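These notes are about the structure you will find just below.
Fair warning: this is a prediction, and the values are worked out from it, not measured in the lab. Start at 1 with the first residue, then count along the sequence.
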Amino acid sequence: MSGKLAIVAAGGTGGHMFPAQALSEALIGRGWRVVLATDERGAFYADKFPAQERLALSAATAKANDPVGMVKAGVAVFQGVMQAKQAFARLNPSVVVGFGGYPALPALLAALLEKRPTVIHEQNAVLGRVNRFLAPYVTEVACAFPTLQMAKPAVKARAHVVGSPVRPEIRDLAQVAYLPPEVQLRILVTGGSQGARLLSELVPEAIAKLPEEMRGRMKVFQQARAESMEHARKIYRNAMVDCEVAPFFRDMAGRLRQSHIVVGRAGSSTCCELAVAGRPSILVPLKIAADDHQRFNAKLLEEAGGAAVCLEDELTVDALAGALNALLKSPERLARMAKGARSVAVPDAAEHLADLVERTAR
């Protein structure tokens, strides 16, 4: 087959997989072939991933205070490196691109051992543990946020700030004007793939406390954990709120397009998609996120005036209800927030990253 081939290594969460998919689509548009290296969790998000092949590489992680787990993880990663080397001998990739997380580690280590061109992309405002380990050795480092926390000065100095690649259907929202609410009030509630329980349970209770007139004009799209869905629906029914509750929305672009405000976590994909779409938000950073990276992610939107940030320790039903009430009754403020969010957007991040990947491969 003709065309250069890129190994894209990502997995674990949508935060890793969605930017990897966006880059892959950009590369394919330039005549490249793409092979995805991921794990079982990553496969959940890969139903539309445009790879010609998927490599299932062994990988694992463990806590630093778990020596047995560390040994097992080391064995798994070693097996993954050997599997990757076998695949490389067959595929001969021109470049290996990693998006962080332990599923990306074996492919990157194998590429470094074989002195192949390598690129890593950090989606968060804080350099993750795997990328922190790899950054001094890879050919190029790319990142989404200009404030690359936890990166050594030498790494930060050579990092390329390209933004975080978003899927084409999200990128298209950059051309869609934000229209403040007039009659119907549409709220999108996302939870991310981790830590969704708090929002699954707290947001419906907060919305139920809003004025009756406001609830009567409301449409809520809410992602919720499977075990929380019926409870959320019951609260909305009792509050006379029109709702659609599901564990995962495949058509996130369609939901964002319709929404007047978004309530969610502050994962990298969420923050970057909100910026591109130009949607006001209330963000609740996941308290247990590694190195508190979600708080740093949210800070960019907050400082641009595009988001209100509520820390978990300060979040109550009444506090969230008050924040929603204040925003929803002020269309002018929502419009300003939408403009602020869009001011930090990088809608063509996938193209910037694809440019870097091509330069590195040459």
Side-chain angles (χ1 to χ4, degrees), residues 124-125 144-147 163-164 166 170-192 199 202-203 206-207 209-211 213-215 217-223 249 252-286 294-312 314-347 349:
N124 291 297
F145 292 83
T147 54
S164 189
V166 297
I170 299 291
R171 186 178 64 236
D172 291 345
L173 296 180
Q175 308 303 320
V176 178
Y178 176 77
L179 299 177
E182 295 182 355
V183 179
Q184 191 175 49
L185 305 171
R186 295 187 293 274
I187 302 174
L188 173 62
V189 185
T190 66
L199 298 184
L202 189 145
V203 174
I207 288 176
K209 282 182 168 284
L210 294 174
E213 183 275 334
M214 187 177 286
R215 285 186 277 116
R217 299 188 290 126
M218 193 170 288
K219 172 72 175 183
V220 178
F221 307 99
Q222 174 152 357
Q223 281 185 340
F249 291 133
M252 184 56 72
R255 312 293 175 179
L256 272 174
R257 179 188 289 268
Q258 297 179 62
S259 299
H260 294 119
I261 189 168
V262 179
V263 181
R265 292 299 192 176
S268 58
S269 289
T270 297
C271 291
C272 293
E273 290 179 358
L274 287 170
V276 170
R279 290 301 181 267
S281 60
I282 297 175
L283 298 176
V284 184
L286 179 64
Q294 288 205 3
R295 184 170 62 86
F296 287 100
N297 293 348
K299 189 175 181 182
L300 181 71
L301 281 172
E302 182 182 34
E303 291 182 346
V309 177
C310 298
L311 300 182
E312 275 191 27
E314 303 167 359
L315 190 67
T316 64
V317 171
D318 288 339
L320 182 56
L324 281 167
N325 187 41
L327 291 174
L328 290 172
K329 69 182 183 183
S330 178
E332 298 82 4
R333 184 178 174 189
L334 289 174
R336 289 195 302 272
M337 291 177 71
K339 185 177 180 180
R342 191 160 276 168
S343 71
V344 293
V346 188

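Residue Arg265 holds its CZ atom at 13.5 Å from OG of Ser281, rounded to the nearest 0.5 Å. Between the CD atom of Gln294 and the SG atom of Cys271 there is a distance of 7.5 Å, given to the nearest 0.5 Å. The structure places CZ of Phe221 at 6.0 Å from CZ of Arg255, a figure rounded to the nearest 0.5 Å. Of the inter-residue distances, the one linking Glu302 atom CD with Cys310 atom SG reads 9.5 Å to the nearest 0.5 angstrom. Note: Ile261 CD1 to Tyr178 OH = 7.0 Å, rounded to the nearest 0.5 Å. Atom OG in Ser343 sits 11.0 Å away from atom CD in Glu303 (nearest 0.5 Å).
Judged by distance alone, with hydrogens and angles left aside, the side-chain atoms of Asn297 form a donor-acceptor pair with the main-chain N or O of Ala266 at under 3.5 Å. The closest donor-acceptor contact from the side chain of Arg279 to the backbone of Ala338 lies at 3.5 Å or more, if one exists at all. Proximity of a side-chain donor or acceptor of Gln222 to a complementary backbone N or O of Leu199 within less than 3.5 Å is detected.
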- Take Leu173 and Arg257 through the side-chain contact (heavy atoms from CB on, under 4.5 Å) test and state the conclusion after the steps. CA-CA 7 Å; Leu173 296 180; Arg257 179 188 289 268; 3.8 Å; yes
- Message: Applying side-chain contact (heavy atoms from CB on, under 4.5 Å) to Thr147 and Phe296, what does each step give before you reach the verdict?
- Response: CA-CA 8 Å; Thr147 54; Phe296 287 100; 5.7 Å; no
- Task: Go through Arg186 and His260 one step at a time and tell me if the side-chain contact (heavy atoms from CB on, under 4.5 Å) criterion holds.
- Result: CA-CA 5 Å; Arg186 295 187 293 274; His260 294 119; 3.5 Å; yes
- Any chance you could lay out the side-chain contact (heavy atoms from CB on, under 4.5 Å) test for Leu283 and Val262, step after step, and finish with the verdict? CA-CA 8 Å; Leu283 298 176; Val262 179; over 6 Å; no
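Residues Leu327 and Pro280 are not in side-chain contact: their nearest non-hydrogen atoms beyond the backbone lie 4.5 Å or more apart. The shortest side-chain heavy-atom distance between Met218 and Gln184 does not fall under the 4.5 Å cut-off. The shortest side-chain heavy-atom distance between Gln223 and Val189 does not fall under the 4.5 Å cut-off.
The number of heavy atoms from other shown groups lying within 6.0 Å of NZ (Lys209) does not exceed 12.
Ion pairing between a basic and an acidic side chain is recognised when a charged N comes within 4.0 Å of a carboxylate O; Arg336 and Glu332 show no such pairing. A salt bridge is absent between Arg295 and Glu312; no separation between the charged side-chain nitrogens and carboxylate oxygens falls under 4.0 Å.
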Anything under 3.5 Å between a donor and an acceptor, one on a side chain of residues 315-325, the other on a protein residue two or more places apart or in another chain? List them.
unit_1: Thr316; atom_1: OG1; unit_2: Ala319; atom_2: N; d: 3.0

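What you find for Val276 and Pro347 is that their closest heavy atoms are CG2-CA, 4.0 Å. Contact between Leu188 and Met252 at its shortest, heavy atoms only, is CD2-SD, 3.8 Å. Taking all atoms of both residues into account, the shortest heavy-atom contact from Glu273 to Val166 is CG-CG1, 3.9 Å.
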